[in-house]
Amino acid sequence: MPAPNTKILSLTRLSENQLNIIKDVNPYIEVIIKSKDEVLEYIDDADILLVKDSYPQEILNRKNLRLKWIHFLSHRADDVFFSGPNDELSDFGTKLSDIIITNSKGSGEVPISEHVMAMILGLSRGLNFFARAQQNHNWERNEIILEEICNKTLVLLGLGYVNRVIAKKAKAFGMHVTAVTNTITNTELFIDHVFRLDRKSCLRAVAEGDFVLSNFNLTKSTRRIIDREIFEAMRPTAYFISIASGEIVVEEDLIKALQDKKIKGAALDVFEDMPLSKDSPLWDMPNVIITPDVAAFSPAYKDRAIKFFVENLILFLEKQPLFNVINHLDHL
């Protein structure tokens, strides 16, 4: 069915193949690719805004905005709901009754899960130490730092689709897996035990972990939830891994826990402020692995994300409910 006047404004580059996949849905769709600096010039005529992981929030102040849907190619889009240090809902959050928000959650489970397993294996086999030794041409067989992950316990803070994929891969290595989540289910094939998300249960869960993975969705209740009390509840032999929003972790408490040897080490892909400040003590800690927010990156990611968008685009044109809809009420 023709869809005249349906305009997609993309703030991310699209390959010719990706453009063709979108246009194959309906030949009447117009796709305009512009930079964020040009968005105000074109946003008034757009029905759909396609972005990677952020957009200029000033577009919501436009009087003639006809925008109906924003899709994030990112696997997460939590941060856009908040502004300022007091966790107020941004202006974006006040207009969600008029605009559908979706993301490409599910398209990053392969690279993210592989990245997490690489972090677990890297920490357990001392690859961060050996990488430094290599830089210094130092042949040092430090057997004390070498461990196995078989029969170790991985604690998942959060139990979304990605964490379920991580759990499956961890079980393949012989690990025990527990999870902390809002929704308790009885059908988790790769989870040995599930804790409900409350303070007491969270402390109990991390106390049992050899590896604790932070992958909560960012909400008012999870913002800065991983703090000094959490780190003190962890074993001194445990490792902390962070791949979700950096704002879930109280970074100064993490640094103190590492300095005081409350935990054995950490692998960090996200931080409270990014890029990580050059004077952060985390850079020089030998028991820390740092990656620059790349857990979801892979050559195949964007193609998968576009397919998610196209599936929703078909539903949008048919006036059917979309999937991966982000509800701002879930972030309160």
Side-chain angles (χ1 to χ4, degrees), residues 75 106 108-131 133 141-181 183-197 201-216 226 230-231 233-244 249 254 257-258 261-270 286-291 294-298 300:
H75 64 283
E109 73 273 7
V110 172
I112 295 172
S113 60
E114 291 182 359
H115 193 93
V116 168
M117 294 311 300
M119 285 175 153
I120 291 173
L121 291 167
L123 288 168
S124 68
R125 301 306 297 171
L127 297 189
N128 46 320
F129 289 93
F130 293 126
R141 298 181 68 183
N142 190 342
E143 298 178 12
I144 297 176
I145 64 175
L146 300 177
E147 303 176 53
E148 298 176 357
I149 66 172
C150 183
N151 293 320
K152 294 294 179 64
T153 296
L154 170 63
V155 178
L156 304 174
L157 301 182
L159 191 54
Y161 183 73
V162 170
N163 272 9
R164 287 183 170 92
V165 176
I166 292 170
K168 181 178 180 180
K169 293 182 178 181
K171 294 298 284 185
F173 279 88
M175 301 187 78
H176 303 291
V177 183
T178 64
V180 179
T181 179
T183 306
I184 303 296
T185 65
N186 297 318
T187 57
E188 299 296 340
L189 296 178
F190 305 103
I191 309 293
D192 298 299
H193 185 72
V194 178
F195 291 88
R196 188 173 296 279
L197 177 54
S201 296
C202 198
L203 291 171
R204 283 179 55 206
V206 301
E208 298 178 3
D210 298 293
F211 297 87
V212 175
L213 172 66
S214 168
N215 198 18
F216 281 132
I226 302 175
I230 294 292
F231 293 119
M234 291 173 58
R235 298 171 178 174
T237 56
Y239 296 98
F240 177 71
I241 300 172
S242 181
I243 60 168
V249 182
L254 169 61
L258 288 163
K261 298 183 179 180
K262 298 291 185 181
I263 59 175
K264 190 170 184 179
L268 311 170
D269 188 55
V270 289
N287 56 342
V288 174
I289 296 174
I290 290 174
T291 53
V294 295
F297 285 15
S298 84

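Everything numeric here is computed off the predicted structure, so don't read it as measured data.
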*Residues in side-chain hydrogen bond (donor to acceptor under 3.5 Å, both in side chains) with Lys171, at least two apart?*
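Lys171 satisfies side-chain hydrogen bond (donor to acceptor under 3.5 Å, both in side chains) with Asp192 only.
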*Please list, chain by chain and in numerical order, all residues satisfying side-chain hydrogen bond (donor to acceptor under 3.5 Å, both in side chains) with Lys262, sequence neighbours excluded.*
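Once residues adjacent in sequence are excluded, Lys262 has no partner under the side-chain hydrogen bond (donor to acceptor under 3.5 Å, both in side chains) criterion.
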When rounded to the nearest 0.5 angstrom, what distance separates [atom1] in [X] from [atom2] in [Y]?
{"X": "Thr153", "Y": "His176", "atom1": "OG1", "atom2": "NE2", "result": "5.5 Å"}
{"X": "Phe211", "Y": "Arg235", "atom1": "CZ", "atom2": "CZ", "result": "11.0 Å"}
{"X": "Asn215", "Y": "Ile112", "atom1": "CG", "atom2": "CD1", "result": "7.0 Å"}

For residues [X] and [Y], determine if any side-chain heavy atom of one lies less than 4.5 Å from a side-chain heavy atom of the other.
{"X": "Lys169", "Y": "Glu114", "value": "yes"}
{"X": "Ile120", "Y": "Phe173", "value": "no"}
{"X": "Phe195", "Y": "Thr178", "value": "yes"}
{"X": "Val165", "Y": "Phe190", "value": "no"}
{"X": "Ile243", "Y": "Leu213", "value": "yes"}
{"X": "Cys202", "Y": "Ile230", "value": "yes"}
{"X": "Leu154", "Y": "Ile166", "value": "yes"}
{"X": "Leu254", "Y": "Ile263", "value": "yes"}

*asked:* Tell me whether Asp210 contacts the main-chain N or O of Thr237 through its side chain, where contact means a donor paired with an acceptor under 3.5 Å.
replied: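 Not at all, since once roles are kept as given, no pair shorter than 3.5 Å links the two residues.
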If you look at every heavy atom in [X] and [Y], which pair is closest and at what distance?
{"X": "Phe216", "Y": "Val180", "result": "CE2-O, 3.8 Å"}
{"X": "Ala233", "Y": "Val206", "result": "CB-CG2, 3.9 Å"}
{"X": "Pro111", "Y": "Phe297", "result": "CB-O, 3.6 Å"}
{"X": "Leu123", "Y": "Ala266", "result": "CD2-O, 3.8 Å"}
{"X": "Asn128", "Y": "Pro286", "result": "ND2-O, 2.7 Å"}
{"X": "Val294", "Y": "Thr291", "result": "CG2-CB, 3.9 Å"}

*Quick one: do Ile191 and Leu156 satisfy side chain to side chain contact (heavy atoms under 4.5 Å, CB included)? Show the steps, please.*
CA-CA 9 Å; Ile191 309 293; Leu156 304 174; 4.0 Å; yes
_Run the side chain to side chain contact (heavy atoms under 4.5 Å, CB included) test on Phe240 and Leu268 for me, step by step, so that the C-alpha distance in whole Å, both residues' side-chain angles and the decisive distance to 0.1 Å come before the verdict._
CA-CA 8 Å; Phe240 177 71; Leu268 311 170; 4.1 Å; yes
List the atom pairs, with distances to 0.1 Å, where a side-chain N or O of residues 144-151 and a protein N or O form a donor-acceptor pair under 3.5 Å, not counting sequence neighbours.
residue: Glu147; atom: OE1; partner: Lys152; partner atom: NZ; Å: 3.1
residue: Glu147; atom: OE2; partner: Tyr239; partner atom: OH; Å: 2.7
residue: Glu147; atom: OE2; partner: Lys264; partner atom: NZ; Å: 2.8

*Would you check, one step at a time, whether the test side chain to side chain contact (heavy atoms under 4.5 Å, CB included) holds for Ser214 with Val249?*
CA-CA 8 Å; Ser214 168; Val249 182; 4.2 Å; yes
_What verdict does the side chain to side chain contact (heavy atoms under 4.5 Å, CB included) test give for Val155 and Met234, after you've listed the backbone C-alpha separation in whole Å, the side-chain angles of each residue and the deciding distance to 0.1 Å?_
CA-CA 11 Å; Val155 178; Met234 291 173 58; over 6 Å; no
